Each structure stands twice: as structure tokens, then as C-alpha cells.
2 protein chains.
Amino acid sequence: MPANVKKTNPSMQDVARFAGVSIATVSNVINRPEKVSAATTEQVRAAIAELGFVRNDAARSLATGTTSSIGMVLADLDNSLFVDMAHGAQQGADAVGLRLLIGNAACDMTRQDDYLRLFDEARVGGVLLSPMEDSLAGIERMRSHGRPMVLLNFEQSGADCCTVLVDNEEAGYVAARHLVETGRTRIGFVAGRDYYQPVHARRLGVQRAVRETGGVELEEIGTDGLGFEDGLAVAHDLAGRAADRRPDGIVAVTDEIANGIAEGLHATSAVQVPGDIAVVGCEDNRSARSGPVALTAVQLEGAAMGQAAAELLLEEMKTPAGEHRHRTVMIRPGLVVRASTAVPAPQA
Amino acid sequence: MPANVKKTNPSMQDVARFAGVSIATVSNVINRPEKVSAATTEQVRAAIAELGFVRNDAARSLATGTTSSIGMVLADLDNSLFVDMAHGAQQGADAVGLRLLIGNAACDMTRQDDYLRLFDEARVGGVLLSPMEDSLAGIERMRSHGRPMVLLNFEQSGADCCTVLVDNEEAGYVAARHLVETGRTRIGFVAGRDYYQPVHARRLGVQRAVRETGGVELEEIGTDGLGFEDGLAVAHDLAGRAADRRPDGIVAVTDEIANGIAEGLHATSAVQVPGDIAVVGCEDNRSARSGPVALTAVQLEGAAMGQAAAELLLEEMKTPAGEHRHRTVMIRPGLVVRASTAVPAPQA
DNA sequence: GCCACTGATTTAAGCGCTTAAATCCGGGAC
DNA sequence: GTCCCGGATTTAAGCGCTTAAATCAGTGGC
């Protein structure tokens with residue numbers, strides 16, 4: 001219908017005029033229909049449809065001082081963990097009729113900051129942030145403006161916010177425990193440097209699992225980084241050892257490392273996964289490079305984190321300022337068992 | 001500094017009072033600093049910092065009738081193609097200083113509609129939409145409100161919008177061509193039903209490639225659906241045939257099917273991939289189930305699509321209403337060669 | 001000393017919506 | 001016939017910002 005295209009966005013005023021009522025009545029039809037007689041409602045509805053009226057949200061939120069949306073700034077949408085968080089948050093928001101707006105920082109600190117500022121200026125009801133390293137400045141800015149905010153997956157020291165974390169100590173524990181329970185007795189923990197927070201926690205968890213169990217040894221195998229290449233290097237080392245001098249089960253601190261190890265061992269074909277060595281990863285990241293063997297991994301439960309975060313945020317949003325007590329929620333990781341830790345078949 | 005938390009969001013009025021100037025001067029300091037003397041600017045800046053003032057975007061956009069953001073509604077963030085599109089769009093938006101807000105429909109039509117409505121009410125500058133089947137109603141609503149909009153990856157018949165599509169005919173052609181060039185002579189095209197738009201186009205492309213080449217046969221192998229299971233079924237069929245009665249190269253219309261075929265053949269181990277049969281997928285979807293062999297696949301170039309879409313949108317946004325001519329941009333797919341189409345080694 | 005002129009600042013009129021308070025109007029109740 | 005009442009509708013006062021137009025100094029020219 002290109003013939004009767006509306007030139008300009010009609011306002012409530014236009015609708016009111018068209019329907020022969022006052023602007024307040026139009027507003028009432030939209031917001032409190034029970035206050036308006038049936039006949040009038042009908043007329044106004046017709047006018048709205050006829051004119052193609054769309055309520056101007058800027059004016060609305062200016063007048064009411066509220067918004068119906070919350071913002072979420074994600075560190076990296078390429079990483080499926082964050083996509084899962086978005087899902088969870090969306091679910092949480094949906095439940096109370098809030099709309100979730102997503103900004104993807106794409107690992108760019110400037111962009112993270114831009115989005116925070118945008119949401120701040122847009123006066124969203126609150127913000128969910130999966131911060132990148134050292135986001136304190138941006139966080140404090142939001143806080144000082146009194147905007148509710150929840151941090152996801154990162155413990156920003158000094159930040160005065162509710163936080164949702166995955167229990168990384170538990171993640172390490174679960175991974176190691178799984179190996180022990182499937183009969184492995186020489187556990188290897190492959191870990192990058194400790195100064196990346198979660199690595200440290202996972203190490204602790206693995207140690208605890210080993211300590212709790214009799215007759216199991218633990219070897220810690222260091223790497224330079226946390227990537228696929230580092231896993232390959234470890235595989236190379238392992239393949240060169242005598243059979244009785246290498247672990248029979250490995251907890252890799254990331255999926256990338258785990259895949260690197262599996263790939264490296266697969267290539268030499270001297271050592272079988274899971275026959276000779278079982279491998280567990282620690283992130284269950286869909287986007288992790290897919291290896292030659294389906295990887296058993298600890299699930300970081302992104303959706304659960306997102307949902308918990310949304311709930312914390314809503315809680316803070318509806319608590320009168322000043323009365324809110326920040327909380328930290330720990331999400332317990334799960335375990336997804338796949339081929340890389342299958343119990344060796346008898347005849348193998 | 002919990003001691004001097006600001007109770008309420010300070011307004012420009014507050015800043016003006018604090019700095020001892022008029023509200024217009026504050027506005028000028030923010031928007032046209034060149035109009036204000038250095039000394040005044042300094043005072044106002046100080047007041048802004050001291051009070052923690054944040055410009056209220058609702059008021060601003062109400063007063064100016066403009067926004068600095070565009071919206072993007074994605075069918076499914078779990079699918080990496082859409083994530084790529086988001087990246088591309090973001091890049092396009094960044095280039096002109098617009099902010100990109102993302103809504104994830106998560107395959108839910110209602111949610112897609114909610115987001116469209118939200119963006120409409122928020123008066124965003126324009127909307128990018130990767131529509132789900134039959135989104136005509138929502139699209140028309142936006143269009144009739146005069147909101148610029150670009151469709152991605154789906155040709156909605158009857159929609160009066162710019163559109164960015166991947167050239168699916170070309171995708172089929174590229175895939176088949178690759179097989180032929182690596183020496184395969186009996187091509188199989190594994191395809192679900194034709195009524196899913198891209199399937200049809202890809203079929204045409206494969207046919208063209210075969211037609212263009214002498215000495216190559218084409219066999220079309222139908223499936224019920226487009227998933228992993230369907231691929232498994234095809235593998236089963238193939239494995240049961242005599243060696244000279246089966247294709248030596250397969251174009252699967254989706255990655256899922258391709259992975260199913262590879263997995264199924266791998267399991268029987270009677271037929272080798274790529275030794276006996278090379279397999280090409282058609283989406284290069286990172287989230288596709290990872291198979292036993294790294295899959296050669298046609299790249300749908302999500303990022304390029306996103307960027308092209310953003311550019312079309314910006315073009316429409318700055319063209320005076322009525323003068324805009326809609327365009328459709330076809331993105332040419334690329335090819336990512338991996339193990340599943342490696343040329344058989346001589347000794348194998 | 002008066003004036004036109006320039007640059008800095010202020011005034012004031014909205015932008016489109018919400019909402020408390022005021023107004024209207026048609027029935028009973030008396 | 002007069003009052004009062006309650007539901008329906010309208011009036012009017014903002015919400016916080018932008019911006020064109022008006023005001024207000026100083027300056028230098030004469």
C-alpha cells in the first residue's frame with residue numbers, strides 16, 4: 001500500500017484529534033483500558049490502527065522515569081558460554097516482562113565501555129555484565145550512578161555488585177573425581193599459569209579430589225598458555241614417555257588444551273584416547289575446536305548463570321536503594337561424559 | 001566512596017545550578033563546546049564530574065527526534081552464522097558511530113515480534129532482521145511506520161525491504177566444482193525437500209557445475225530432513241552399495257547432513273572419507289556437530305552479510321523518505337577446504 | 001561618548017507522553 | 001425540582017533535554 005504511506009510518525013495528539021477525544025483518553029486506552037468506556041475505547045483503537053500510531057518510548061520513559069528493558073554486555077559472543085548466559089538471562093527477564101538488550105563487546109574494552117555508557121544513558125533498569133579483565137572503572141561509574149548491576153563469571157575485586165560465578169574449585173574436583181571413578185589412578189593436571197583466576201581454583205579442586213582418594217597420584221604439568229597449541233606440546237611430551245611414566249587420566253584446565261592433547265596423541269597413534277589416557281576438559285565450550293575424540297568436559301552452565309544473574313538483578317532493581325545487600329551466587333558445574341573418558345573395553 | 005552516594009540522578013538543571021550557569025550552557029558544553037568560553041566549560045565540566053551527571057537519553061532523543069542506535073533481531077544466536085552476522089553488522093555500525101543493539105529471537109516467533117515492537121517504540125534509527133519463516137506481518141508493521149529495515153539471509157516474498165542474501169546457487173556450484181577439480185567424477189547431491197528455499201538454489205548450482213563439466217555424473221539422493229540423522233541414513237545406504245555404484249564425491253546440502261554421512265561411513269569403516277568418498281558441507285557452521293573428519297564446507301560469510309546489511313541500512317537511513325530504492329545484495333560464498341575432501345594419497 | 005558589532009550566555013518554547021486533579025454529566029434519592 | 005454521587009473524560013503540569021531567538025556585555029571605530 002505505497003499509496004497511503006504515513007509521512008510522519010503520528011503522535012498521541014494526532015490519534016486523539018482523529019478519534020475526537022482528548023490525549024489523556026488515548027493514554028488511558030493504552031495503559032488503563034478499564035478506565036475507559038467500551039465505545040470510546042473502540043474509537044481510539046480504530047484511530048490508532050488507522051494512523052499506524054506507535055507509542056514513543058522515549059517520551060514514555062521520560063514521563064514515567066522507567067524503562068522496560070535491561071542491558072547485557074557480553075565479553076564475546078563467539079564463545080558459546082556467553083551465548084548460553086544470554087539465553088539464561090533472557091529467560092529470567094522474560095519471566096517478569098523485561099526486555100533484554102544485548103551488546104557484544106567482542107573482547108574489546110572500548111566497546112564494553114561504550115555499551116555501558118549507552119545503557120547508562122538509556123536509563124535501562126539494570127545491567128548484566130560479563131566483565132573483561134580490569135573493568136573496575138566502568139563498573140564503578142555505573143554503580144555511582146545508582147544503576148543496578150550484576151557481574152557474571154568474573155570476580156572483579158573492589159567491585160560493589162552482586163556476582164554470579166561458576167564454582168571453579170568444584171569444576172576441578174568434578175573432573176578429577178570422574179577420572180578416579182572410572183578407574184584412573186595416575187591423574188595429570190594440565191594447567192597454564194595460576195594468575196588467571198579460574199585456573200587456580202580448578203587446580204585446588206583437582207588436588208582435593210586426589211587428596212580424598214587413596215592410591216591415586218597427581219602430576220601437575222605446566223603450560224605456557226591455555227590454547228590448543230599448548231595441548232599439542234603436552235601430547236608430544238606424553239607420547240615420548242614410557243607407558244608407566246605417564247598419567248592414565250588428564251584434567252585439562254580448558255577445552256582447548258584438552259583438544260590439543262587429544263589431537264596430538266591421536267596423531268602419534270602410539271597412545272590411545274581414551275584407551276591409554278582419558279581426557280577431561282573444563283569448559284564444554286561449543287565453539288572449542290573440535291577434536292578427533294568427543295570430549296568429556298565439565299559444563300560451566302552458562303544458562304544457569306545467566307538466569308541467576310537476571311534474578312539477582314531483578315531483586316536489586318526492586319529493592320529500595322540502600323537496602324540492598326549484594327550477594328554472590330556460585331553455580332555448580334555439571335559434567336558431560338563423552339568418548340574421551342570411556343572406560344577401556346576389556347579386549348582393547 | 002559510599003559516603004557521598006548521589007541519591008537521585010542529577011539533571012542538567014542540577015548541573016547548571018551547581019555551576020552557576022544556565023541549563024542551555026550546560027547543554028552547549030556537552031554538545032557544542034566551541035560555543036562556550038574556556039572558563040565556563042571548565043566549571044561545567046567540574047560540576048558534571050562532581051555530581052555524576054549522565055545525560056538522559058530519553059529526553060535527548062525526545063527533543064531531537066533521533067537516536068544513535070540501530071537494532072538487530074537475530075533468529076538464533078546459537079547458530080554461529082548469526083553471530084558472524086552480528087559481528088559484521090557491528091563493524092558497519094561502528095564505522096559511522098552507531099550503536100548496535102541485539103535481540104535474540106531464539107527461534108521464537110513471538111520473541112522476534114516483541115523485539116521488533118521494542119525497537120519500533122524505541123525509535124531506533126533502523127532495524128536489521130534475519131527473519132524466521134513468514135515474518136511478513138511484523139515486517140510490514142515496521143515498514144508502514146516508516147522505519148528503515150534490512151532483511152538478512154531470507155527472502156521474504158512481498159516484503160518491501162533491502163535484502164542481503166547469500167548466493168545459494170553459487171554455493172552449490174562452488175561445492176560441486178571443488179569436487180570435480182579434485183578429481184571426483186561421480187557426484188552425489190544429498191538434499192532434503194526442495195521447498196526450503198536455499199536447498200533448491202544449491203541444487204541448481206550443483207547441476208550447473210556438473211553440466212559444465214564433461215565426464216561427470218550426478219546422482220541426487222533425497223532425504224526426509226536436513227539433519228545429522230538424515231546423513232546417517234544416507235551413509236547406511238551408501239555403505240551397502242558396490243564400490244562402483246556409489247558416488248566418489250558428495251555435496252551435502254547442510255553441514256549436519258555432511259557430518260552425519262561422514263560419521264556413518266566412519267562407523268562402518270568399509271568406506272573411507274575422503275579416500276573413497278569426499279564430502280562437502282554447505283554452511284560451515286561452527287556450531288554444527290563436529291564429526292570424525294574435519295569437514296570441507298562452503299562458507300556462508302556471515303560477517304560479510306552483516307556488514308553489507310548495515311551499509312544498506314545506513315544508506316536507507318540517510319536517504320530522504322520516498323527516494324530510497326530497495327536493493328538486494330548477493331554475497332558470494334567462499335570455500336573452506338579441510339580433510340574431508342583431501343585428494344587420496346597415492347599409496348592409499 | 002555613542003553605536004554597531006561580536007561572542008558568550010540566557011530565555012523560552014517545545015519534543016510526546018503520563019497522571020493527579022478538576023470537570024462534566026446523567027441518574028437516583030429525597 | 002434539587003442535590004449528590006460516581007463513572008467518564010479532560011485539563012494541565014511536568015519529565016529532562018535541545019535549540020532558535022533574544023539578551024547581555026565588552027570592543028573598537030567614529
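Worth knowing before you read on, the calculation uses all heavy atoms, side chains too, and leaves out hydrogens, waters and symmetry mates. Letters A, B, ... mirror the listed sequences (proteins, then strands); counts begin at 1. Only a predicted model underlies this, so the values are computations on that prediction, with no experimental measurement involved.
In this structure, A:Val26 reaches neither bases nor backbone, as no heavy-atom distance under 4.0 Å exists between it and the strands shown. B:Ser37 comes within 4.0 angstrom of sugar-phosphate atoms only, judged by non-hydrogen atoms across all strands, and of no base. At a threshold of 4.0 angstrom between heavy atoms, the contacts of A:Asn31 are confined to the sugar-phosphate backbone, with no base atom among them. As judged by a 4.0 angstrom heavy-atom cut-off over every strand, A:Ser61 is placed among residues making no nucleic acid contact. In this structure, B:Thr25 reaches the bases: a heavy-atom distance under 4.0 Å links it to at least one base atom across the strands shown. Among the atoms of the strands shown, only primed sugar atoms or phosphate atoms (P, OP1, OP2) are found under 4.0 Å from some heavy atom of B:Ser11.
Per the geometry, CZ belonging to B:Arg123 stands 9 Å off P belonging to C:dG16, to the nearest Å. For the pair A:Ile23 CD1 and D:dA12 P, the interatomic distance rounds to 13 Å; values are reported in whole Å. Separating the CE atom of A:Met12 from the P atom of C:dC15 is a distance of 15 Å, rounded to the nearest angstrom. Atom CD in A:Gln13 sits roughly 9 Å away from atom P in C:dC17 (whole-Å rounding). The nearest whole Å value for the distance from the CD atom in A:Gln43 to the C1' atom in D:dA8 is 13 Å. Rounded to whole Å, the distance from CG on A:Asn9 to P on C:dC17 is 10 Å. Between the CG atom of B:Leu62 and the C1' atom of D:dT19 there is a distance of 14 Å, given to the nearest Å. The CG-C1' distance, from B:Leu51 to D:dG16, rounds to 15 Å in whole Å.
Looking only at distances, no side-chain donor or acceptor of B:Gln90 sits under 3.5 Å from a matching main-chain atom of B:Leu100. Judged purely by atom type and a 3.5 angstrom limit, A:Thr67 uses its side chain to pair as donor or acceptor with the backbone of A:Arg123. Judged by distance alone, with hydrogens and angles left aside, the side-chain atoms of A:Ser135 form no donor-acceptor pair with the main-chain N or O of A:Pro131 at under 3.5 Å.
A:Val44 has its side chain within reach of A:Thr40: a pair of non-hydrogen atoms, C-beta onward, lies under 4.5 Å apart.
In this model, the phosphate group of C:dT18 is approached by a side-chain N or O of A:Arg55 to a distance below 4.0 Å at OP1 or OP2.
Looking at the side chain of A:Arg60, the nearest of the listed nucleotides C:dT11, C:dG14, C:dT18 is C:dT18. Of the candidates D:dC17, D:dA20, C:dT19, the closest approach to any side-chain atom of B:Arg32 belongs to D:dA20.
Between B:Thr64 and B:Asn28, it is B:Asn28 whose nearest contact on DNA chain C lies nearer the 5' terminus.
Scanning all heavy atoms of the two residues, the minimum distance from B:Leu101 to A:Tyr115 falls at CD1-CE2, 4.2 Å.
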